[in-house]
Every structure is written in structure tokens, then in C-alpha cells.
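Atom set for the values below is all heavy atoms of this structure, side chains included, hydrogens, waters and symmetry mates excluded. For reference, positions follow the sequence shown, starting with 1. Values in this document were obtained by computation on a predicted structure and should not be read as measured data.
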Amino acid sequence: MKYDIDHEFVGISSQTATHRIILLHGWGADADDLLTLGKEIIEKINLDFEVISLRASGLHPSGQGRQWYQLYPHDWEGAEVEVNKLLGTLKKFDTDQISIGKTILLGFSQGAAMAIDAGFKLKLGLIVACSGYPHPNWAPGEKCPPLVISHGLFDDVVPIDASRIIHETVKSNSSKFCELIEFNGSHQIDPNLIDFISSNINNFF
């Protein structure tokens, strides 16, 4: 699995893949953090997927893990630079074997913010935003990709209102599929998310 992109990554390869999942980890995590989730998704869905889990460019201030951009204080200019860098990487995944339209982009927390910002500029098959938030200048267009939003009701890291704002903004601007899943949990991946994606996969591909 070789790609000429501006991000390091880990992945699960498939020589016969017809679809792809790209994963964007959260603040302080690393590329391998969501790889198990990606594996569980492809085991559940009856399609041939490869999995790409990207590594954020920046080192987390603690020295452990990575960050897409600085959060404390918020560096929104840096975020814009990283969104454009991510957009360039995502475009390079639009290949003859697997088009961008057969790609799921899934992000968690800061990775979810990156996913909706960069991903809404492309014709992805699906974006999944888990426990995310919108960047200040984020604005979805009418032709945005289908979106699944998942957020824990008791999230004390990123309040659920952030995802409610994303949902309301998309619904008011686009007729594309947009679902908000609120679950009994904190700052985490919804245990039922994989089942929801697999049971609705025909809506996206």
C-alpha cells in the first residue's frame, strides 16, 4: 500500500479493494488509535475495503501523541493550513481503482472537525463525525456528502451542542443524508455506530 501523500499513515491493505475508509484520530492520539475501529467496520460491511489511518502532522504538547493543530490556545489559522494539507492528501486518494465517491472519511473529536471541514469540499461517499465540533469558518454547501454524526450525551470534553450545531447547519443548507446519533456515553465512539453504518451502507454506495 503506497501513496504519494503528505501524511504518514498505517493501514489494512487489500489488493482487491473497491472501497476505502480513511480515519482521522483525535487530539493527543496517533494513527493506530482508530485502526481497530476500521477493522471492525470492514468486517461488518459486505464490501471489499482498504483502511487508511492518517497521522496528524503536529506533535501533541505533552510529547505523547499527535495533534492536527494547537488547541490551547486555539490556533484557527493553523487549522486552516492543516485542512488544506489534508484536502490535498484526500484528493490523491481519488484513483481509478477506488474513487473518492467510494470512500468513507471518519474522524473522532479534532479529527471529526478536520473531516467535516476538508471532506465537505469533496464528493465523498460518506463522512462520519464522532464527538466533533465545527471550525469557526466552516460552512457546508448544498452539495455536501452524506453525513453521520455521533456524540455522547455526557461528553465533558466536547459538549454535544457542537454536534447539534453541525447537524442543524447541514440540514438547513443541504438535502443530502444527515443523521445525528445521540447516545448514552461520554467522549467516546458509540458502541452501536458500526451497526448503524453497516445497516445503512446501501444509502451511500
Side-chain angles (χ1 to χ4, degrees), residues 1-26 31-35 37-39 41-58 66 68-69 79-108 110-130 132 134-135 137-149 166 170 173-179 194 197-198 200-205:
M1 190 189 304
K2 293 183 178 180
Y3 292 102
D4 182 21
I5 59 175
D6 292 327
H7 291 86
E8 296 178 347
F9 68 92
V10 295
I12 302 171
S13 62
S14 170
Q15 296 298 320
T16 57
T18 56
H19 295 72
R20 178 186 295 114
I21 299 176
I22 299 175
L23 304 169
L24 307 178
H25 63 78
D32 57 359
D33 184 61
L34 295 177
L35 204 56
L37 174 66
K39 182 178 180 181
I41 292 174
I42 64 174
E43 288 174 349
K44 190 80 174 181
I45 297 174
N46 190 28
L47 292 169
D48 193 348
F49 275 90
E50 72 171 14
V51 179
I52 303 286
S53 190
L54 298 178
R55 174 173 288 121
S57 302
R66 315 292 295 184
W68 296 97
Y69 53 87
E80 186 175 354
V81 170
E82 289 304 314
V83 166
N84 289 330
K85 182 178 177 180
L86 175 60
L87 186 59
T89 286
L90 295 175
K91 287 178 177 178
K92 290 182 179 179
F93 283 116
D94 191 13
T95 64
D96 291 337
Q97 182 179 349
I98 307 174
S99 71
I100 203 73
K102 292 185 177 180
T103 298
I104 297 173
L105 179 63
L106 183 152
F108 176 74
Q110 191 181 51
M114 295 290 292
I116 62 169
D117 204 336
F120 269 46
K121 298 176 175 69
L122 300 169
K123 295 180 179 179
L124 288 153
L126 174 65
I127 296 176
V128 183
C130 302
H135 291 150
N137 296 324
W138 172 76
E142 183 180 345
K143 297 181 179 180
C144 62
L147 175 65
V148 173
I149 309 162
I166 295 170
V170 173
N173 284 277
S174 174
S175 59
K176 288 291 185 72
F177 182 95
C178 181
E179 184 80 14
I194 296 173
I197 294 172
S198 63
N200 287 277
I201 199 69
N202 291 333
N203 292 327
F204 315 125
F205 302 119

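Residue-environment remark: NZ (K92) exceeds the threshold of 12 foreign heavy atoms within 6.0 Å. Under a cut-off of 6.0 angstrom, the local environment of CD in E8 is sparse, with at most 12 non-hydrogen atoms contributed by other residues, nucleotides or ligands.
By the ring-ring contact (aromatic ring centres under 6.0 Å, His included) test, H7 is found to be paired with W68, residues two or more places apart in sequence or in another chain being considered. Residues passing the side chain to side chain donor-acceptor pair (under 3.5 Å) test with D48, sequence neighbours excluded: S14, T16.
Using a 4.5 Å heavy-atom threshold, the side chains of V148 and N200 count as separate. By the 4.5 Å heavy-atom criterion applied to side chains, I22 and L124 are not counted as neighbours. Considering only heavy atoms from C-beta on, K39 stays 4.5 Å or farther from V51 through its side chain. L24 is listed as a side-chain neighbour of L86, based on a closest heavy-atom distance under 4.5 Å.
K121 places a side-chain N or O within 3.5 Å of a backbone atom of D117 that can act as its donor or acceptor partner. Not one N or O on the side chain of S53 forms a donor-acceptor pair closer than 3.5 Å with the backbone of V10.
Residues I98 and T18 come closest through the heavy atom pair CG2-O, 3.8 Å.
Side-chain contact of D33 with H25: a donor-acceptor pair under 3.5 Å is absent, judged by distance alone.
E179 CD to I197 CD1: the interatomic distance, rounded to the nearest 0.5 Å, is 12.0 Å.
A distance of 6.0 Å or more separates the ring centres of F204 and H19.
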